[in-house]
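Reading through the structure tokens given below for one structure.
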Amino acid sequence: MDTEAQHTERGPSSDTDPDRESDTGEGPRSARVSGDSAVSEDSAASDEPDGAPSWRRTLLVGAACVAFLLLVSHFVAQPFLIPSRSMEPTLQVGDRILVNKLAYRFGDEPRRGDVVVFDGTGSFVREEPEDDPVGGLLRDGTAALGLAEPAETDFVKRVVGTGGDRVVCCDEDGRLTVNGTVVVERYLVPGDQPSAVPFDIVVPPDRLWVMGDHRSQSSDSRDHLGSPGGGMVPVDKVVGRADWIAWPFGRWSGVAGTDAFDAVPAPPTGGHPTGPAVPGTGSRG
């Protein structure tokens, strides 16, 4: 009984025997479908020029990425390559920082201690240098992506005084004071003094007094005391605030803030009793 049942169960399966399929001339149905698909795909591929779709797609994606980065750089955050030692140790040569262009766009203004990037035309630079249109466009584009040094009119410094502040250097102990309050500048390069050139200035409204952290290597507001504007940077010339160090990866971090100005009082409502005294300028290289 058991033997007969087993033979009966095997009977139907013999219909799928490979030998019988070859007798009828029919191959496995799945194999025929795969072969037809391969032929169709080969025919479709032969209708297009070799490599054309791939190259067009790559170019379109690349152009879209560059356009997106330029838009972000123009309106939100711009890469900025640090070209000099003037902001050491906070920023080092070769650092690529991201400048937050939204920091002052909605009514806020630069504060004492902020590290800012600004256009020095009219304050640090008398006029914008001439450049051929094509070269200028190429330079601006690569600088906007952080691939080249910034324009000669762009600078990065720390805000030391804002509108109405009286900034004096130095007191009898060689320290900087703002509105009569001593500022302990721990961000300076060790061994640097606050300034080798004495000054006593009152910052006009809507202007900034800016200095580098590496004072002996920084050409800043002190070098332009006798220039038109007295070394003061108009607030509307500020590009943005330096908030992040994006490159190299080993220095990937936010730009360190400072509490050095926390105790500085606001300038008096009626202005300081004495006006600015400009003792002269000096060269620090």
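Here the structure is a predicted model, which is why all the values come from computation and not from measurement.
- Side-chain contact between His272 and Pro267 is present, with at least one heavy-atom pair separated by less than 4.5 Å.
- Between the NZ atom of Lys237 and the CG atom of Asp154 there is a distance of 10.0 Å, given to the nearest 0.5 Å.
- Contact of the Lys157 side chain with the Ser86 side chain is registered, since non-hydrogen atoms from C-beta on lie closer than 4.5 Å.
- Once rounded to the nearest 0.5 Å, the distance linking CG of Asp108 with CG of Leu102 reads 12.0 Å.
- In this structure the side chain of Val255 reaches within 4.5 angstrom of the side chain of Ile245, judged on heavy atoms.
- A pairwise comparison of heavy atoms in Val202 and Gly164 identifies CG1-O, 4.2 Å as the closest pair.
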(request) Show your working on side chain to side chain contact (heavy atoms under 4.5 Å, CB included) between Gln217 and Glu88 and close with a plain yes or no. (result) CA-CA 9 Å; Gln217 297 292 323; Glu88 292 176 335; 5.7 Å; no
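- The number of heavy atoms from other shown groups lying within 6.0 Å of CZ (Arg111) does not exceed 12.
- Residues Val115 and Trp244 do not share a hydrophobic cluster, clusters being chains of Ile/Leu/Val/Met/Phe/Trp/Tyr side chains in contact below 4.5 Å.
- The closest side-chain heavy-atom distance from His214 to Asp192 is below 4.5 Å.
- Using a 3.5 Å distance cut-off with no hydrogens or angles, the side chains of Thr121 and Asp119 do pair a donor with an acceptor.
- Note on Val159 and Val235: same hydrophobic cluster, where clusters join Ile, Leu, Val, Met, Phe, Trp and Tyr whose side-chain heavy atoms are under 4.5 Å apart, directly or indirectly.
- Linking ILVMFWY side-chain heavy atoms closer than 4.5 Å, directly or via other members, places Leu98 and Tyr104 in two distinct hydrophobic clusters.
- Counting all heavy atoms, side chain and backbone alike, Asp95 lies closest to Pro248 at OD1-CD, 3.6 Å.
- Across all non-hydrogen atoms, the minimal contact from Leu188 to Gly212 is CD2-O, 4.5 Å.
- In this structure the side chain of Val239 reaches within 4.5 angstrom of the side chain of Lys101, judged on heavy atoms.
- With values rounded to the nearest 0.5 angstrom, Ser218 atom OG is found 7.5 Å from Met211 atom CE.
- Minimum heavy-atom separation, Pro110 to Val116: CB-CG1, 4.5 Å.
- Using a distance-only test at 3.5 Å, with no hydrogens or angles considered, a donor-acceptor pair links the side chain of Asn179 to the main chain of Pro265.
- At least one donor-acceptor pair closer than 3.5 Å links the side chain of Arg158 to the backbone N or O of Gly113.
- Follow the hydrophobic side-chain contacts under 4.5 Å out from Val168 and you never reach Leu208; the two are in separate clusters.
- Put simply, the side chain of Arg215 gets close to the backbone of Pro194: a donor and an acceptor are under 3.5 Å apart.
- Pairs passing the ring pair (Phe, Tyr, Trp, His ring centres under 6.0 Å) check and including a residue from residues 160-198, sequence neighbours excluded, do not occur.
- Remark: side-chain polar atoms of Ser221 are not paired, donor with acceptor, to backbone N or O of Met232 under 3.5 angstrom.
- Judged by distance alone, the side chain of His224 and the main-chain N or O of Val125 form no donor-acceptor pair under 3.5 Å.
- Using the six-membered ring where Trp is involved, Trp252 and Phe249 have ring planes that are tilted, between 30° and 60° apart.
- In plain terms, the two heavy atoms of Leu81 and Gly94 that are nearest each other are CD1-O, 3.7 Å.
- The shortest distance between side-chain heavy atoms of Glu185 and Leu176 falls below 4.5 Å.
- In plain terms, the two heavy atoms of Val197 and Ser195 that are nearest each other are O-OG, 2.6 Å.
- If you take CG on Asp220 and CZ on Phe124, they are separated by 6.0 Å, rounding to the nearest 0.5 Å.
- The CD1 atom of Ile201 sits 12.5 Å away from the CZ atom of Arg207 when rounded to the nearest 0.5 Å.
- In this structure, Trp247 is not a member of the same hydrophobic cluster as Ile97, with clusters built from ILVMFWY side-chain heavy atoms closer than 4.5 Å.
- Checking side-chain atoms of Asp165 against main-chain N and O of Val178 turns up no donor-acceptor pair under 3.5 Å.
- Checked by atom type, the side-chain pair Thr177/Asp171 shows no donor-acceptor distance below 3.5 Å.
- Residues Phe261 and Thr162 form no side-chain contact, since every pair of their non-hydrogen atoms from C-beta on lies 4.5 Å or further apart.
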(request) Decide side chain to side chain contact (heavy atoms under 4.5 Å, CB included) for Thr258 and Arg186; before the verdict, give the C-alpha distance in whole Å, the side-chain angles of both, and the deciding distance to 0.1 Å. (result) CA-CA 8 Å; Thr258 178; Arg186 297 186 180 90; over 6 Å; no
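- Rounding to the nearest 0.5 Å places CE of Met87 at 11.5 Å from CD of Gln92.
- For Arg222 (side chain) and Ser219 (main-chain N/O), no donor-acceptor pair under 3.5 Å exists by modelled atom type.
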